[in-house]
Structure formats: C-alpha cells, structure tokens
Q: 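Take this structure, written in structure tokens, and hold onto it; I'll ask about it next.
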Amino acid sequence: MTTSGVRVRIAPSPTGEPHVGTAYIALFNYLFAKKFGGEFILRIEDTDATRSTAEFEQKVLDALKWTGLTWSEGPDVGGPYGPYRQSERKDIYRPFVEQMVRDGGAFRCFCTPERLEQMREAQRAAGKPPGYDGHCLNLKAEEVTARMEAGEPSVVRLKVPTEGSCDFHDGVYGDVSIPWESVDMQVLLKADGMPTYHMANVVDDHLMKITHVARGEEWLASVPKHILIYKHLGLEPPKFMHLSLMRNHDKSKLSKRKNPTSISYYSALGYLPEALMNFLGLFFIQIAEGEELLTMEELIEKFDPDNLSKAGAIFDIQKLDWLNGRWLREKLSPEDFVARTLDWAMENDRLVEGLKLAQSRVTKLGELPPLAGFLLANDVGLTPASFGGLKTSPAETLEIVTTVQADLEKILEWNVTTIEEELRAISERMGKKLRVVTPPLFVAVSGSQRSLPLFDSMALLGRSVVRQRLKVAIQVLTAMAGAQN
Ligand code: GLU
C-alpha cells in the first residue's frame, strides 16, 4: 500500500444521533492515520439543510470526543484546509460545478418536481429501475441560457456514459466493475445552489488532500459517480476502501429498531470508551483467542490494512459486555474505577439535575436511590406487574407507548420543551387527555408510577435511552395484551 503523506477523514452528516457505525469508521481511519504517521481529519457533511441540525453536530463532536479519538483538523480545531463544515463552503463548490458544465461533464436540468414524479411513476408502472431519463440532456446552450435568464429554477446533473462499466480497485473489495447503465444522472447542484453530497464530498476530498477514503460499504455504489466527477475535473481520485457494515446477529443491518445504535446510549449505560474502541478495533485486526483485550496503542500496532479480518462485523453486545467487564476489572486501578464511575454519573448533568428534581420529593436522603436511580440504571426491570396499577388496560397502554415511541423519533431537538409539546400533540391526535397518556410513560421510563417529573426525566435520560426503555415496555405490554386475548 502506498502511504506517503497519508490524510484520511471521517465525514459524518449531522442528521441524527451519532451512530456506533460512525465510531467504527472513524476508528478505522484513525488507526490508518496513526499506523502510517498521517493525519486524521473531521469534516461535517451538512449539505442536507433540512435534516442537519446544530444539536446533532454538537452531539457528533461530543460522541467522537468521548471515544477518545482525536483529529488534527476539524470544525472545532480549524486547520489549513477549512472551513470543515460543508454549509460554510457553498461558494467553494460553484466553480467546480461550472467547470463541469462548461466542459460537458454535467448539464442543466429544468425538470419540475411534478415531471420527475410522473417519470418515476411511469418507471414503476413499467417495472423499470428508477433514474433520470435524460429529458434535459441535450438542450441547446442558447435555450439553457435563455431559461436561466428568465429565472427558471434548475439543477445541475452529472452526465453518465451509456455503455460499458466503471472499473476500479477497492482496498477491501478488490477489483470492482459497475455497469454505467446502473448509474443515475445524479444531481450535483441543487436549485438553491447547494451541492449534493456527491459533489461536495469529491471537491472537499480533493481540496483537503485526502489520500485514502475509508467508509461504509453502502457508498461503494457511489464510487462510479465520484470517479466521473474526478475525471471531468481532471483530478486523481483517492484510494478507496469500503468497509463491511456492522450487522446484527441475524446479519441484518444494524438499526436502532433492533439494537441501540447511538454512541450516547453506550456512554449512558457505563461502557468505557476504551472498551468500545477495543471491541470495534477487533473487527480490523487478526488476533488469536485470548488476546482480545487491547489498548489503542496495541490496536495501532496490530492494525494491518492489507490483512483485514474477513469475518464480517457482527455487533455482538455480549462480547462488548465481556470486554467492558474486563476493562473495568483488569485495566482500571481502584482509584481510577471510582473516578470513572463518578465522571459517568455526572455525564450530561444527569445526577445533578436529577437530584434537584428530587429535592422536593424526599424526607430522607436514603429515599433518593429508589426515586432517582432510574436516571443511572441500565434498565428499570419492567415486568407485567410494573404496569399493573394503571387505569388503562394493557392494550390501551400498549397503544399509547407504541404511538409515543414512533412519534418521538420526529422530534428534531430533544429537550424538555420539545418533549412536552410533542406529548401534548400526540395526546390530542390520539383523542386522549395528557394525564391518560403520561402514566404509562412514567412506568416505561422510570419503572414506577411515582417518580420524578416525566418530561425532565426523559430529557435527562436522552433520546437513545428513552427509545430503548419504550422498546422494552412494548415487549412487556405486547406479551401482556396477548395473554389477555
Ligand atoms: N457524509 C457521509 C456519511 O454520513 C460520508 C460518506 C463518505 O465518507 O464519503 O456517511
């Protein structure tokens, strides 16, 4: 592998809770950089303005910092090729897009959303694969100019060869060949002047002098588009490595519906970042049984990108638990253990804010653990009896928790106000009083009907822990409702 002046990056999109998959890809890039004395860079890919939020960006930064990985350039630390946030680079992309249009690598497209929808509908009806049909591909230059001058909205699309295939080498997959006919005439510049992921990603990797692109296998099919953009711009593409995605035991894609996937969930439950990195690092190295407990230095030392483990990346929580237990017992001194425990309890102000909420509800301090302990506990031990005292039947309780679980995903910013607003809206939609909807949630979230204020508790626990508790509640209630039928 040629490795002089290695520069690699992690390029998360701040559109959701930071995912363990991001830590997994980040760790690979970090190990790669460290192995070869290169640079590891963080770039925020927020071209999707409707889904990207400042809250999620902060969470991405916090989650990656929690993992212990460090980057030498990024939105928080600056660097010679900044800004490192794509929304601040809008003007940088335009000349590259214009060059591609001028040189015939891309074209203006005036198709309206309605026409595109009709086209997709017709493709669906005819059983054809979806993709742009080339309606605007051969517009005359004068027509394009006239329509643009008349203020008609347009996008820029990539021109794609109609025959042959895109052949390239991938550091993990080996030689790959993708027929051009399966590649869509991708939008490169949106009507509002923002580039799409593909355009921004290529331009930034070039300008930030990225030498190796290591990312999830879901991007492999995008490589032909990227190679075309590099070619039309007369640039040398970086080396590509597409890593197999982490999967559940049943080989399905790791998704929050099956397993908690947020980094914040694992930090909230008291996994050590060292253990999570150790666990993820084992996907990239070959080691014998009995040698699994490894520090970051040892991971770097054993990392060999030419000899990656072929054994798919199964997210085996039992193995993570086993490694975490070993880290707690074998790698921390008693003093470190205590210090880490206190740090963990203080994380995100859970304990401090929880105690303030509990102050007016206790007569003796010894009542605090049963009252507020749910803020720190891994789970709240839900059983059918937990829901027993509710006025709602198991079926109605289940309906409430299930509806709330789905709707809470729609909240963009997770805080007391947005949670309260959403729960009020859900109650209204369900035609129920808020005081009917909240008791089942008290139980699901805290394990008890008498606990701290619900909205504050949910905010303190965080979205990923609440999601998991509601999921467990749904399992218990489904069994109860089933048993009653
Ligand atoms: N923004 C993309 C993501 O969120 C990055 C893909 C890449 O590394 O090129 O996964």
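Note that the numbering runs from 1 along the sequence shown for the chain. Whatever order the structure lists ligands and atoms in, that order sets their numbers, starting from 1.
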Q: Check this for me: does any side-chain nitrogen of one of E297 and K34 sit under 4.0 Å from a carboxylate oxygen of the other?
A: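 Here E297 does not pair with K34 in a salt bridge, since their nearest N and O are not under 4.0 Å apart.
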Q: What protein heavy atom lies closest to atom 5 (C) of ligand 1? Include the residue and the distance to one decimal.
A: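 Minimum-distance protein heavy atom for atom 5 (C) of ligand 1 reads A11 O, 3.2 Å.
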Q: Is ligand 1 less than 4.0 angstrom away from at least one heavy atom of R9?
A: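 Right, R9 reaches ligand 1.
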Q: For E218, is at least one N or O under 3.5 Å away from an N or O on ligand 1?
A: no
Q: Is the shortest side-chain N to carboxylate O distance from E422 to R429 below 4.0 Å?
A: yes
Q: Just distances here: any N/O of V213 and N/O of ligand 1 closer than 3.5 Å?
A: no
Q: Step by step, would you call D62 with K59 a salt bridge (charged side-chain N to carboxylate O under 4.0 Å, His left out)?
A: CA-CA 5 Å; D62 291 346; K59 289 196 159 177; over 6 Å; no
Q: To the closest 0.5 Å, what do you measure between CZ (F374) and CZ (R469)?
A: 7.5 Å
Q: Give me the nearest non-hydrogen protein atom to atom 10 (O) of ligand 1 as residue plus atom name, then the distance to 0.1 Å.
A: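 For atom 10 (O) of ligand 1, the nearest protein heavy atom comes out as W219 NE1, 3.4 Å.
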Q: State the atoms of ligand 1, each with its element, that fall below the 4.0 Å cut-off from a heavy-atom position in E45.
A: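 Counting atoms of ligand 1 from 1, those under 4.0 Å from E45 are 1 (N), 2 (C), 5 (C).
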Q: Inspect the contact between K302 and E298 and indicate whether a charged nitrogen and a carboxylate oxygen are less than 4.0 angstrom apart.
A: no
Q: At a 4.0 Å threshold, what atoms of ligand 1 neighbour a non-hydrogen atom of N201?
A: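 Every atom of ligand 1 under 4.0 Å from some heavy atom of N201: 7 (C), 9 (O).
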Q: I'd like to know whether E217 forms a salt bridge (charged side-chain N to carboxylate O under 4.0 Å, His left out) with K253, so could you lay out the CA-CA distance, the side-chain angles of the two residues, the decisive distance to 0.1 Å, and finally the verdict.
A: CA-CA 12 Å; E217 66 187 350; K253 194 177 146 194; over 6 Å; no
